[in-house]
Structures are given as structure tokens and as C-alpha cells.
Peer 1: 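First, the structure itself, so that you have it in front of you.
Everything numeric in this text was worked out from a predicted model, so none of it was measured.
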Amino acid sequence: MSRVPGGRRPTDPFKAAEAAFKKATTKPIEGPAPAPSIPGVKESVTLRIDQDVLEFFQQDGPGWQDRINAALRKVAGK
């Protein structure tokens, strides 16, 4: 094998091809399966939103949290 300028040897083409093949065919390590979502279950969270946005959803009285949830679902495409 001839040397390249700078004194380094070029990569062995066989080893390079073998490494590329191994990388392309090796199955990635899988983590734990995500927990299944249960339809209709609500989760309590803390959310900071602007006061005027909160007032908009609260102006029609009780059910404002459901209205915020419905608006978020619509934006999320659900």
C-alpha cells in the first residue's frame, strides 16, 4: 500500500466496506416499549399560559379546561 501525504496510510477498503455493511445491517438496540395510552384518561399537568388566553377560555364558565383540551387536540390534529 502506498502512503498518502502526511504519513498516514489510507483506510483498508475491505475493512471500510465490512464496517459499512455491519452498520447498515445491524439491528439497533431497542429501548423499553412505550406505555400504551389509555383513551379518556386525563393527566394533571402544570401549564403556564398568558392571562388573556386563560380569560378567553374561562369567560363561558365551567368547562374551560375541557375547552382548552379540545383546542389543543384540534391543533395537534387529533
Side-chain angles (χ1 to χ4, degrees):
M1 231 185 250
S2 63
R3 292 186 171 253
V4 293
R8 294 187 175 172
R9 297 171 97 186
T11 304
D12 179 8
F14 180 77
K15 286 183 180 179
E18 194 172 58
F21 179 78
K22 185 175 181 179
K23 183 178 179 182
T25 59
T26 302
K27 185 176 180 181
I29 298 173
E30 294 181 16
S37 64
I38 302 170
V41 172
K42 307 258 181 187
E43 186 169 339
S44 179
V45 296
T46 299
L47 179 67
R48 293 179 177 268
I49 57 176
D50 294 334
Q51 184 65 38
D52 61 330
V53 173
L54 180 60
E55 289 171 358
F56 172 81
F57 285 99
Q58 289 179 333
Q59 71 187 1
D60 291 333
W64 61 271
Q65 291 171 321
D66 292 330
R67 290 190 290 277
I68 290 175
N69 193 52
L72 291 171
R73 281 185 156 283
K74 185 176 180 180
V75 170
K78 303 268 177 175

Peer 1: When clusters are formed from ILVMFWY side-chain contacts under 4.5 Å, directly or step by step, what else is grouped with I38?
Peer 2: V41

Peer 1: Once salt bridge (charged side-chain N to carboxylate O under 4.0 Å, His left out) is applied, do any residues pair with E30, and if so which ones, sequence neighbours excluded?
Peer 2: K27

Peer 1: List the atom pairs, donor and acceptor, that lie under 3.5 Å between side-chain atoms in residues 53-70 and the rest of the protein, sequence neighbours left out.
Peer 2:
| from | atom 1 | to | atom 2 | distance (Å) |
| --- | --- | --- | --- | --- |
| E55 | OE2 | Q51 | NE2 | 3.3 |
| R67 | NE | F57 | O | 3.2 |
| R67 | NH1 | P62 | O | 3.3 |
| R67 | NH2 | F57 | O | 2.8 |
| R67 | NH2 | G61 | O | 2.7 |

